Amino acid sequence: MNYLIVIEFLAVIVSAIYGVLLAARKGMDVMGVFTISFAVAFGGGTLRDLFLDRTPLFWIGNPHYPMIVLGIAVFSGLLVRHVGKIRPLLVIPDALGMALFTLTGTAYAMDAGTGFFVAALLGVITGTFGGVLGDVICNEVPSLFTPSPLNATCSFAGAWVYLGMAQLDMLEPFALISGIVVIVLFRLASVRWNWCFPAVREPKLPSGP
Amino acid sequence: MNYLIVIEFLAVIVSAIYGVLLAARKGMDVMGVFTISFAVAFGGGTLRDLFLDRTPLFWIGNPHYPMIVLGIAVFSGLLVRHVGKIRPLLVIPDALGMALFTLTGTAYAMDAGTGFFVAALLGVITGTFGGVLGDVICNEVPSLFTPSPLNATCSFAGAWVYLGMAQLDMLEPFALISGIVVIVLFRLASVRWNWCFPAVREPKLPSGP
Amino acid sequence: MNYLIVIEFLAVIVSAIYGVLLAARKGMDVMGVFTISFAVAFGGGTLRDLFLDRTPLFWIGNPHYPMIVLGIAVFSGLLVRHVGKIRPLLVIPDALGMALFTLTGTAYAMDAGTGFFVAALLGVITGTFGGVLGDVICNEVPSLFTPSPLNATCSFAGAWVYLGMAQLDMLEPFALISGIVVIVLFRLASVRWNWCFPAVREPKLPSGP
């Protein structure tokens, strides 16, 4: 389980940075920046722990996690000052946070004895819920729910890569890293070439309101 | 408890179909359709299980539930193509899903040893939260919270019908079906004749901002 | 723990009244008023109990709480009729509800064995989440997340005052009341003199989209 602790730690840091940049775009104050970083960094994992009945919650059991997020939010002024230069790289903490949290969700669900499909679903929920929460707090329609570059699909694919490799008795760290790499590359490619699913639409009928 | 498993199973299917039709109206892609179906079908029951501390969550303990919802979402293209014809019937899966979930919430709460009033409340929460979540994800003001045809009130009334009949030592399936029928008919009548509560308004004062 | 039960009871009543006034401003019907009162009065404490794995939830274990909230909602017509006169006092139930719930969250977290920082965070979550939920249901951007008079900051400060005094072996009720007084006065002063944090903004760059 050591690998998962390292992955979760990285996921918290990367997601908190993404949260700061999201909040700064909206002109929030320091408390708002902390709240959004907190929500993005801990939202998915909290849902995962509640759904799997894991206690204590990972950020209650690891009290240095919220302190690190507070530190990132306090120094966000510095971070944001340089964001003009690093904005083209912004998609990377987003993709990486989703990838890392997806793998923790999938692996913890398997530990809790779920089947493959539910484990992959919990991976997707853990990987995407933080971002959805951040969008909701910023009062935007979450990009997860509109035709936009593939998001949950990348997360789902990476969860299955990990599950498949773990099933084939690959070494745990190798399976975890493969899942992460697949999610990050798939997500970056989706954003770069704007891969979307077609929308499911009702046919336009003259009689419909 | 056998009856409740059948009722829950039907509630999941009916709610997933309602979720698909809700998502299609918004022009979502396949992943969005699945997400909304998932939220509508599992939102209320998840809150019920978390509030009553039931583990595992019903869709983790019954892993075929999310698979069925995935199947419904994948074939939603077919479903939606015919929705123009069946739209007048749309209010039925909505009312039926609410009714079925309300009864599972009330019955499970009584099993957990709550009093009547809290059991009825948990029924209403279980019956209505999926629809609220669907509306929130679609970025609409949930119809539950605006003056619109009675909704939570129907759910509350049906929960009390079930509780009363169970108290009178009626057979369980008879009490359950009575509650469901009351909710569905009450809800359909509310929509048909547009029954609303009056709004509680502040009096207009010249001095107030 | 007796003090906390009294504080929680007062917090529920004060928050329900605040919820009624919030709902009336939006012209909701009786069911909407009850829903918002319920969400404001029980939202924060429910999250606290879920996060700390306390069972049963405080409003399931104290079934008179939701009955009291129902009573307040039913008589809200009377309450609202006089609100024009008492509106200048409206900020008081808001501040008091936040203060009382913050202290229950902090104290229960310490009971559950968390550290100081996590206890203060749980106090803030318990104190502010009800108000956020009320704003979200009313479809407003929660004031917690925009530059507006200090809110979570007051809650956080009061939690630390309580923790500090409890650490210095002050009598429990004295420490609790000190925390409450600090939060209420700090919040009222913030609203009165419009104390805000400055917004964290990205620098305007000619090249940025």
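Letters A, B, ... are given to chains in the order of the sequence lines, protein chains preceding strands, and every chain is numbered from 1. Keep in mind it's a predicted model, so treat the numbers as computed, not measured.
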Segment of A:Pro56 engaging chain C (4.5 angstrom heavy-atom cut-off):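 Contact with chain C involves no heavy atom of A:Pro56 at all.
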
Proximity breakdown for A:Phe34 and chain C, heavy-atom pairs closer than 4.5 Å: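 A:Phe34 touches chain C through side-chain heavy atoms alone.
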
Contacts with chain A made by residues 43-55 of chain C (heavy-atom distance under 4.5 Å), listed by residue number: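 Those residues of residues 43-55 of chain C which have a heavy atom under 4.5 Å from chain A are C:Leu50, C:Phe51, C:Leu52, C:Asp53.
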
For chain A, which residues of residues 117-125 of chain C have heavy atoms nearer than 4.5 angstrom: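 Residues C:Phe117, C:Val118, C:Leu121, C:Leu122, C:Ile125 are the ones that qualify, each having a heavy atom under 4.5 Å from chain A.
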
C:Thr153 versus chain A, the contacting section by heavy-atom distance below 4.5 Å: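 Both parts, heavy atoms under 4.5 Å.
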
